[in-house]
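Residue numbering restarts at 1 for every chain, and letters A, B, ... go by the order of the sequence lines.
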Amino acid sequence: MPELPEVETIRRIVEPQVAGRTIRAVRLLQEQVIAHPAPNAFVRFLSGQKITSLDRRGKFLLFHFASGDRMVLHLRMTGQLLVTPTDFPMEKHTHLVAPLSDGNELRYIDVRRFGRFWLLRPEESEAIVGLDRLGIEPLSVDLTGAYLKEHFERRAIPIKAALLDQSVVCGIGNIYADEILYAAYLHPEEPCNHLSTRAWNRLAVTIRDIIAWGIETDSMMPEEYLAGKGKEYRNTPDLRAYGHEGKPCLRCGRTMKRVTIGGRSSCYCPYCQRKKRPV
DNA sequence: CTAGCTTCCTGATAGC
DNA sequence: TGCTATCAGGAAGCTA
């Protein structure tokens, strides 16, 4: 489920609850969620680590340890990360429980089990995780129209597919891609090589605005997060495009449509988001 | 290069 | 009510 704004929200809530704590033990209930190293080595290396900070890159969460080791987590579709009291009800599909030095527990829950953990030693390559293939952060100053144009202007892929390419700009998923294209008045199937310089500039600004808006509207109190078990993302009712097929466009009132691009559903307004004449 | 498909899973929902 | 089919916000890997 989570895209960059949701992962950032989780990071902001969880970091103050884990920073400075030591992982006392690791109970691994589902070995499948460990990508690297082998599950027994993962458990051995993780136990006793002192967490210094929690970072984010795209949709990845990075736990930094005092030892210099790092634990990386990708929640994929249904991963949930919680810090709970010991007596908090154990959710179905809990795959990892790590008691912390302050008496609370770090828990990982994942219905579909697509999420993955990696434990990286300082000398190990980020290529093991794929962090080296990530593009720039949507909120970085490097995100400009010129940057997007440089990467996509000679390509024929639909702009929707381009936004989902984590190796150019990281952290955008299917929901925010639809929201961004709606806000930028761009048809999701528009081929990248049809876009003007003005359109690339507008898109860069819109990506930043929509991602920043997502983080703002997602923000919630830790209590609220725990009560929702880390799976209720508050801005869903505020979305303007995703899931709006068949509903009137909030700008022009015309009926929103839905197409499939690269196997992903895409909602758009057929009037506000008309295809352009190639430049 | 690009489109399209499969795989990894469970659960919600729609249709019969 | 109970059955089956379809789909879900991610991403890699494969074929054509």
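- Within the shown strands, C:dA12 is the pairing partner of B:dT6 under the Watson-Crick or G-U definition, both distances less than 3.5 Å.
- Rounded to whole Å, the distance from CG on A:Leu4 to P on C:dG9 is 18 Å.
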Would you tabulate the nitrogen or oxygen pairs shorter than 3.5 Å linking the protein to nucleotides 11-14 of chain C?
residue : atom : partner : partner atom : Å
C:dA11  : OP1  : A:His74 : NE2          : 2.7
C:dA11  : OP2  : A:Lys59 : NZ           : 2.6

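- Contact check for A:Leu139 versus A:Arg208: side-chain heavy atoms found under the 4.5 Å cut-off.
- Distances shorter than 4.0 Å separate some side-chain N or O of A:Tyr242 from OP1 or OP2 on C:dG9.
- Nucleotides B:dG11 and C:dA11 place their P atoms 22 Å apart, quoted to the nearest Å.
- Nucleotides of DNA chain B with any atom under 4.0 Å from a heavy atom of chain A span, from 5' to 3', B:dT2 to B:dG11.
- Atom P of B:dC9 sits at a distance of 25 Å from the matching atom of C:dC3, rounded to the whole Å.
- Looking only at side-chain heavy atoms (C-beta outward), A:Phe63 and A:Leu106 come within less than 4.5 Å of each other.
- A:Tyr176 and A:Val259 sit in two unconnected hydrophobic clusters of ILVMFWY residues. Membership requires side-chain heavy atoms under 4.5 Å apart, directly or through other members.
- The shortest side-chain heavy-atom distance between A:Tyr108 and A:Val97 does not fall under the 4.5 Å cut-off.
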Atom pairs and distances, side-chain donor-acceptor, residues 241-248 of chain A, under 3.5 Å, sequence neighbours left out:
residue  : atom : partner  : partner atom : Å
A:His244 : ND1  : A:Arg240 : O            : 3.4
A:His244 : NE2  : A:Leu239 : O            : 2.8

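- Aromatic pair A:Tyr268/A:His187: centroids less than 6.0 angstrom apart.
- When the P atom is compared between C:dG13 and B:dT10, the two are found 22 Å apart, to the nearest whole Å.
- The side-chain heavy atoms of A:Leu61 and A:Val72, taken from C-beta on, include no pair separated by under 4.5 Å.
- Note that A:Arg116 lies outside the cation-pi zone of A:Phe60, set by a 6.0 Å cut-off to the ring centre and a 45° limit from the axis.
- Nucleic acid contact for A:Pro5: none, since no nucleic acid atom lies under 4.0 Å from a heavy atom of the residue.
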